[in-house]
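Contents: one structure, followed by commentary.
Each ligand, and each atom within it, is numbered from 1 in the order the structure gives.
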Amino acid sequence: MSPDHTDLWFLPLGGCGEIGMNLNLYGHDDQWLMVDCGVTFADPDQAHQPHVQMPDPAFIAERADHLAGIVITHAHEDHLGALPYLWRRFKGRVYTTAFTAEVLRRKLVEFNLAGQISIDVVKPGDRRQIGPFNVEWLNITHSIPEPQALMIRTPVGSVFHTADWKLDPAPVIGPPIAPKIFQALADESPSAMVCDSTNALVDGHSVSESELIPGLRKIIENSRGRVVVSCFASNVARLVTLMQAADQTGRRVALLGRSLKNMVSAAKATGYWDSKHRFIDPFDLGFFPREHFMAIATGSQGEPRAALSRLAKDTHPDLTLEAGDTVVFSARIIPGNELLVDALIRALKARDIFVITAEEAGLPIHASGHPAADELTQMYQWVKPELAIPVHGEPDHMAANAKLARGAGVTRQLTGQNGDLFYIKPVVGIRRKAVTTGRLGWDRDALIPVARS
Ligand SMILES: [Zn+2]
Ligand SMILES: [Zn+2]
C-alpha cells in the first residue's frame with residue numbers, strides 16, 4: 001500500500017477516535033510524513049494494564065525507508081511521549097520548535113538516546129521541504145509554550161493540520177492568536193483541515209489563560225494557612241499566572257515535583273521564563289510562616305507518587321499540611337482519573353484541609369487548551385478547507401466537530417478512526433480498517449530496560 005505522485009493520503013495510527021497517543025501519517029509520492037508520536041496513560045484502576053501505552057507503529061516501521069521525517073507539533077505527552085520508546089523502529093529525522101526540542105532532549109537522555117536522534121529546530125513561520133512535503137509551522141495558542149499548527153503542501157494538494165489549539169487573545173506566554181495567519185490560508189483553499197475535536201461538544205468559547213488571576217488571587221487572599229496549588233506541569237503560562245497571583249498576595253513560591261522543575265528549566269533554557277519569577281527552595285518551606293508561601297505541586301490527577309498525593313498522606317519530605325491549609329486544583333480532571341482524584345480529595349478533607357476544585361471556585365481558575373464550538377466554527381470560516389477531518393476526540397467529539405464544519409460551510413467531512421485510510425487527493429474517500437493498528441504498553445518501572453531491547 002503506497003501513495004503515488006497523484007495521491008495525498010492521511011492515515012492516523014493513534015489519536016483518531018480517542019483522546020491521547022496521537023500518531024498521524026501523511027502519504028504522497030511513495031513517502032510518509034509522521035506528525036506527532038504520543039502516549040496515553042492507562043486507567044490507573046486497571047492494575048493489570050501497562051501504565052504507559054502508545055500506538056503500534058508496525059505500519060511505518062515496515063516501510064521506515066519511506067519515512068521522510070517526523071514533525072512534533074508541541075511538547076504534550078500525547079504528542080511526543082512515545083518518540084523515545086518507538087524511534088528505533090523507524091529512525092526518522094525530527095523537526096520541531098525550540099521548546100519542544102528542549103523537552104524532547106531531556107527525555108532522550110533518560111532513554112540513552114541523546115545524540116542519536118537528529119533534531120532540526122525550526123522557528124514558527126519557517127518552511128521546510130521534508131521529502132515531497134513542504135511543511136510550514138504556524139503559531140497557534142494552546143496550553144503549553146510554542147504550540148504549532150502545520151500547513152503541509154504537496155504538488156497535488158495541501159492539509160492544514162491544526163494539532164491542539166484554542167483561540168486565545170492573551171495566552172500569557174507566546175503571541176496571541178493571529179487570525180490573519182489562518183485567514184490567509186483560505187486563499188489557497190486547503191484540500192483538508194485535520195482538526196482537534198476535544199471540546200467540540202462544549203458550547204461557546206474557551207476561557208483565556210489571562211483571565212485566571214482574579215479567581216486565583218481571591219482564593220489565596222482568603223486563605224489563612226498554607227496554600228498548595230496543583231496544575232499541569234507543562235502549562236508554563238499557568239505557572240506564571242500563579243507566580244503573579246502569589247506576588248500580589250505577598251507569598252513566595254516553591255515548586256514540588258520533578259516534572260514542574262523540568263518544565264521550568266526547559267522554559268528558562270528557551271527564553272520563556274522571566275528571571276524575575278524566582279522560587280524558594282522547598283527545603284526552606286519549614287522555616288516560612290504558613291501564610292507567607294504558596295507551593296505549586298504536581299499530581300492534580302491523583303497520581304499516587306506525585307507531590308500532592310504525598311502531601312495528602314503526609315509523606316512529603318519538605319512540607320507538612322495542617323488543618324486550615326488550602327489545596328487548589330487549577331486543572332480539570334481527565335476522564336478516567338475521577339476515582340483517584342476523589343480519594344485524594346477525601347484524604348485532604350479528612351485532615352480538615354480546605355479543597356477548592358476548578359468547578360467549585362466561582363471564578364475561573366482553569367482554562368482549557370482546546371477549542372469550544374464557537375472557536376471551531378470560526379477557524380473553519382477562516383481557513384475554508386474543502387474537507388474537514390476531525391481527529392483528537394472520541395467518536396462523539398469528532399461527530400460534533402464534523403457537524404460544526406458543515407455548519408461553517410465546509411462541504412465535505414470525513415470521520416473515521418485509527419487505521420482508516422483517508423483519501424484527500426485525487427478523490428475524497430475513506431478505506432475503513434486499511435491498516436491494522438494496536439497498542440503497545442510498558443509499565444512505568446520497566447521503561448528503560450524495555451526501551452533498550
Ligand atoms: Zn493533545
Ligand atoms: Zn496538547
Side-chain angles (χ1 to χ4, degrees), residues 12-25 34-42 52-55 70-83 96-97 99-104 107 124 137-150 160-168 171-174 177 193-202 206-209 231-239 259 262-263 266-267 272 300-301 330-337 366-372 375-376 379 389-394 397-398 401 417-418 439:
L13 299 185
C16 188
E18 64 189 339
I19 294 179
M21 56 174 221
N22 299 283
L23 200 167
N24 305 290
L25 294 170
M34 185 183 297
V35 176
D36 291 334
C37 185
V39 295
T40 216
F41 293 101
V52 184
Q53 302 189 1
M54 61 205 70
I70 304 162
V71 175
I72 304 293
T73 59
H74 65 288
H76 275 149
E77 284 291 318
D78 60 320
H79 296 260
L80 68 60
L83 200 57
T96 195
T97 51
F99 177 81
T100 307
E102 189 67 29
V103 174
L104 179 58
K107 289 180 169 293
W137 278 260
L138 306 169
N139 267 331
I140 200 157
T141 48
H142 183 39
S143 50
I144 192 165
E146 255 172 24
Q148 299 293 303
L150 306 171
F160 174 52
H161 181 99
T162 68
D164 295 3
W165 64 282
K166 69 192 280 193
L167 298 182
D168 196 332
V172 180
I173 281 192
I177 195 77
M193 174 166 144
V194 173
C195 181
D196 181 356
S197 308
T198 312
N199 281 350
L201 288 165
V202 177
S206 64
V207 170
S208 169
E209 191 63 40
C231 65
F232 295 109
S234 56
N235 194 334
V236 178
R238 187 70 48 83
L239 303 182
S259 55
N262 253 329
M263 279 294 169
Y272 286 105
S300 65
Q301 303 304 306
S330 180
R332 78 181 175 109
I333 301 168
I334 294 175
N337 295 338
H366 174 64
S368 172
H370 298 277
E375 291 157 275
L376 288 161
M379 188 62 92
I389 302 179
V391 295
H392 206 290
E394 290 173 1
H397 307 124
M398 299 195 305
N401 188 347
Q417 54 182 306
N418 297 334
R439 283 185 179 212

Listing by chain and number, which protein N, O or S atoms are under 2.8 Å from the Zn ion (ligand 1)?
Asp78 OD2, His79 NE2, Asp164 OD2, His392 NE2

Look only at the side chain of Gln148 and the backbone of His74, and say whether a donor-acceptor pair between them is shorter than 3.5 Å.
no

Assign the ring pair His392 / His370 to parallel, tilted or perpendicular, where the plane angle (0 to 90°) is split at 30° and 60°.
tilted

Under the side-chain contact (heavy atoms from CB on, under 4.5 Å) test, which residues partner Ala367, sequence neighbours left out?
Lys166, Val207, Glu209, Leu212, Arg238

Taking only residues two or more places apart in sequence or in another chain, which ones pass side-chain contact (heavy atoms from CB on, under 4.5 Å) with Ser259?
Ala233, Thr298

Is the Zn ion (ligand 2) less than 2.8 Å from an N/O/S atom of His370, whether that atom is in the backbone or a side chain?
no

Checking Thr141 now: which residues fulfil side chain to side chain donor-acceptor pair (under 3.5 Å) with it, not counting sequence neighbours?
none

Note: Glu102-Lys107 ion pair, threshold 4.0 Å (strictly below)
no

